[in-house]
Amino acid sequence: MLAAATLAALASLLGFVDGRLWLAEVASSLRLQLLVAAIALVALAVLARSATGGGLAAVVLLVNAAVLVPLYTGGPAAAAGVARLRVAHVNMQGHSGDLDAFGRIVASERPDVMVVLEPSNGWLAEVSRHVWGYRILAGGGRWRPRVMVLATARLTDVRVPVTRGLPESALAFDVALDGRPVRVLAVHTLSPSTPGDRRGRDEELEAVAAWARQHRGSEIVLGDLNATPWSSVLRRLEDAGSLRNSADGFGAQPTWPSFAGPLGIPIDQLLHSSDLTVTDRDTRRGFGSEHRSLWVTVARAARE
């Protein structure tokens, strides 16, 4: 028990080290898991009457709770007006998945914009047969489209961004909210599964921040960013791009792997400019992907 508590404590502390260290990046992604492990270790320590192990586990619990609690308590800004924009996305990872279920959920939820990352060739060819009332476009990628967008209204200024360093799987477009445009960037970054890929992912997120700085007005960045809300690289993106995380006030809402449920890792994100606010946020099934889908409703923020 003491060994397990010590290992959890070291991982918790390592998560505070700058994410440019690969192991620190891994540790920082496990805050939820470390919190649950600490709770279990405290309970075991009480049963075993181990004061040392229980005390160390309690420290681990408090450290990780201090990181996680603000995500559940920092509520979004108040909304101005009644106009809402329902945006959803899912990373299909090239899987054929369950198009019938996708069509049923889209038909019942009616998002204004639905972004599908890494659609399979089958999805690209067949999705129009499973959804109605949506305009469908695809883009991004050198050899095949890696982003598919379904929208209830016409999207404008659709283009592959030219910002240096952005991944191929990036597509930008404007969508109207309350009669005014919101610039959206849909993107899928590298998974930081190795130190080299972690550096590549960081460079891509730096390019996302550069893209956000280039545009004035309302902005949304969404997709599989392969970074958790408490990772240093995502915080740098938010600071550099003047963006806010839609998870604030709604909690972690893990998205990967889908089978892990509430013990998964929240790596699918929607970030937004400060003139927007979030009125609703949740996750749903992934239609055969290892990722759950993310559903966010935004509105114009009331002026303070």
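In what follows, every heavy atom counts, from backbone to side chain, and hydrogens, waters and symmetry copies are set aside.
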Assess the residue pair Val59 and Val63 against the criterion (side chain to side chain contact (heavy atoms under 4.5 Å, CB included)); give the C-alpha distance rounded to whole Å, side-chain angles, the decisive distance to 0.1 Å, and a yes or no.
CA-CA 6 Å; Val59 171; Val63 166; 4.2 Å; yes
Can you list the steps and then say if Leu2 with Thr52 is a side chain to side chain contact (heavy atoms under 4.5 Å, CB included)?
CA-CA 7 Å; Leu2 182 59; Thr52 303; 3.8 Å; yes
Salt bridge (Lys or Arg N to Asp or Glu O under 4.0 Å) between Asp197 and Arg199: does it pass, once the steps are laid out?
CA-CA 5 Å; Asp197 286 344; Arg199 288 191 294 272; over 6 Å; no
So Ser258 and Trp256, side-chain hydrogen bond (donor to acceptor under 3.5 Å, both in side chains) or not? Walk me through it.
CA-CA 5 Å; Ser258 57; Trp256 179 88; over 6 Å; no
Apply the test side chain to side chain contact (heavy atoms under 4.5 Å, CB included) to residues Glu238 and Asn245: give CA-CA distance (whole Å), side-chain angles for both, the deciding distance (0.1 Å), then the verdict.
CA-CA 7 Å; Glu238 292 168 5; Asn245 199 314; 3.3 Å; yes
Using the side-chain hydrogen bond (donor to acceptor under 3.5 Å, both in side chains) rule, take Ser246 and Gln269 through it: C-alpha gap first, then chi angles, then the decisive distance, then the call.
CA-CA 8 Å; Ser246 63; Gln269 310 293 345; 5.8 Å; no
Would Gln93 and Ser289 count as a side-chain hydrogen bond (donor to acceptor under 3.5 Å, both in side chains) if you check the C-alpha gap in whole Å, the side-chain angles of each, and the deciding distance to 0.1 Å?
CA-CA 7 Å; Gln93 303 174 292; Ser289 168; 3.2 Å; yes
Please assess Leu276 against Leu177 for the test side chain to side chain contact (heavy atoms under 4.5 Å, CB included), listing each intermediate value before the final yes or no.
CA-CA 10 Å; Leu276 301 176; Leu177 170 61; 4.0 Å; yes
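Remark: the Arg201 side chain and the Asn226 side chain contain no N/O donor-acceptor pair separated by less than 3.5 Å. The closest side-chain donor-acceptor pair between Gln214 and Thr163 falls under 3.5 angstrom.
Between Ala27 and Ala11, the closest heavy-atom pair is CB-O, 3.4 Å. Between Ala252 and Pro266, the shortest heavy-atom distance links the atoms O-CB, 3.2 Å. Residues Gly97 and Trp123 share a closest heavy-atom pair of N-NE1, 4.1 Å. Ser293 approaches Val90 most closely through the heavy-atom pair CB-CB, 3.8 Å. The two atoms that bring Ile267 and Thr255 nearest to each other are N-OG1, 3.4 Å, heavy atoms only. Residue Val278 comes nearest to Pro76 through the heavy atom pair O-CG, 3.2 Å, listed as atom of the first residue, atom of the second, then distance.
A salt bridge links Arg129 to Glu126: one of the charged nitrogens lies within less than 4.0 Å of a carboxylate oxygen. With salt bridges taken as basic N to acidic carboxylate O contacts below 4.0 Å, one links Arg159 and Asp157. Salt bridge status for Arg300 with Asp275: present, with a side-chain N to carboxylate O gap under 4.0 Å. Under the 4.0 Å criterion applied to side-chain N and carboxylate O atoms, Glu206 and Arg236 are not assigned as salt-bridge partners.
Note that the OG atom of Ser242 and the CZ atom of Arg216 stand 12.0 Å from one another [nearest 0.5 Å]. Atom CD of residue Glu203 and atom CG of residue Leu166 lie 12.0 Å apart, to the nearest 0.5 angstrom. The distance from the CG atom of Leu237 to the CG atom of Asp202 is 10.5 Å, given to the nearest 0.5 Å. Expressed to the nearest 0.5 Å, how far CD1 of Ile39 lies from CG of Leu44 amounts to 12.0 Å. Taking OG of Ser231 as the reference point, atom CZ of Arg31 lies at 10.5 Å (rounded to 0.5 Å). Expressed to the nearest 0.5 Å, how far CD of Glu290 lies from CG of Asn91 amounts to 9.0 Å.
Counting heavy atoms from C-beta on, the side chains of Trp295 and Ile105 come closer than 4.5 Å. When side chains are defined from C-beta on, Arg110 counts as touching Thr152, because their heavy atoms get closer than 4.5 Å. When side chains are defined from C-beta on, His272 does not count as touching Ser218, because their heavy atoms never get closer than 4.5 Å. A 4.5 Å side-chain heavy-atom check between Val87 and Leu222 finds at least one atom pair inside the cut-off. In this structure the side chain of Leu124 reaches within 4.5 angstrom of the side chain of Met148, judged on heavy atoms. A heavy-atom distance below 4.5 Å is found between the side chains of Leu34 and Ser12. Annotation: side chain of Arg164 is not in contact with side chain of Trp211 (no heavy-atom distance under 4.5 Å). Between Arg281 and Leu294 there is a side-chain heavy-atom pair separated by less than 4.5 Å.
Figure legend: cation-pi geometry between Arg154 and Phe173 absent, as NZ or CZ is not positioned both under 6.0 Å from the six-membered ring centre and within 45° of its axis. A cation-pi arrangement is absent between Arg198 and Trp22 under the rule of less than 6.0 angstrom and at most 45 degrees off the ring axis.
When atom types are taken as modelled, the side chain of Glu25 and the backbone of Ala227 share no donor-acceptor pair closer than 3.5 angstrom. With hydrogens and angles ignored, the 3.5 Å screen pairs a side-chain donor or acceptor of Arg144 with a backbone N or O of Pro119. Distance alone, capped at 3.5 Å, places no donor-acceptor pair between the Arg235 side chain and the Pro229 backbone.
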Kindly list each side-chain donor-acceptor pair under 3.5 angstrom involving residues 78-86, sequence neighbours excluded, with atom names and distances?
unit_1	atom_1	unit_2	atom_2	d
Arg84	NH1	Gly81	O	3.2
Arg84	NH1	Val82	O	3.4
Arg86	NH1	Asp280	OD2	3.2
Arg86	NH1	Thr297	OG1	3.1

Output a table of donor-acceptor pairs, distance under 3.5 Å, between side-chain atoms of residues 184-192 and any protein atom two or more places apart or on a different chain; print 'none' if there are none.
unit_1	atom_1	unit_2	atom_2	d
His188	ND1	Glu118	OE2	2.8
His188	NE2	Asp224	OD2	3.3
Thr189	OG1	Leu225	O	2.8

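Both Val147 and Leu137 belong to a single network of hydrophobic side chains, linked directly or stepwise wherever heavy atoms of I, L, V, M, F, W or Y lie under 4.5 Å apart. Leu205 is connected to Leu271 through a chain of hydrophobic side-chain contacts under 4.5 Å among Ile, Leu, Val, Met, Phe, Trp and Tyr, so both are in one cluster. Following chains of ILVMFWY side-chain contacts shorter than 4.5 Å, one cannot reach Val106 starting from Val113, and the two form parts of different hydrophobic clusters. Under the 4.5 Å side-chain contact rule for hydrophobic residues, Trp230 and Tyr72 share a cluster. Under the 4.5 Å side-chain heavy-atom criterion for grouping Ile, Leu, Val, Met, Phe, Trp and Tyr, Ile220 is connected to Val175 within one hydrophobic cluster.
Ring geometry, Phe102 versus Phe287: the interplanar angle exceeds 60°, so the pair is classed perpendicular (tilted spans 30 to 60°).
Not a single side-chain hydrogen bond (donor to acceptor under 3.5 Å, both in side chains) links Thr277 to another residue, sequence neighbours left out.
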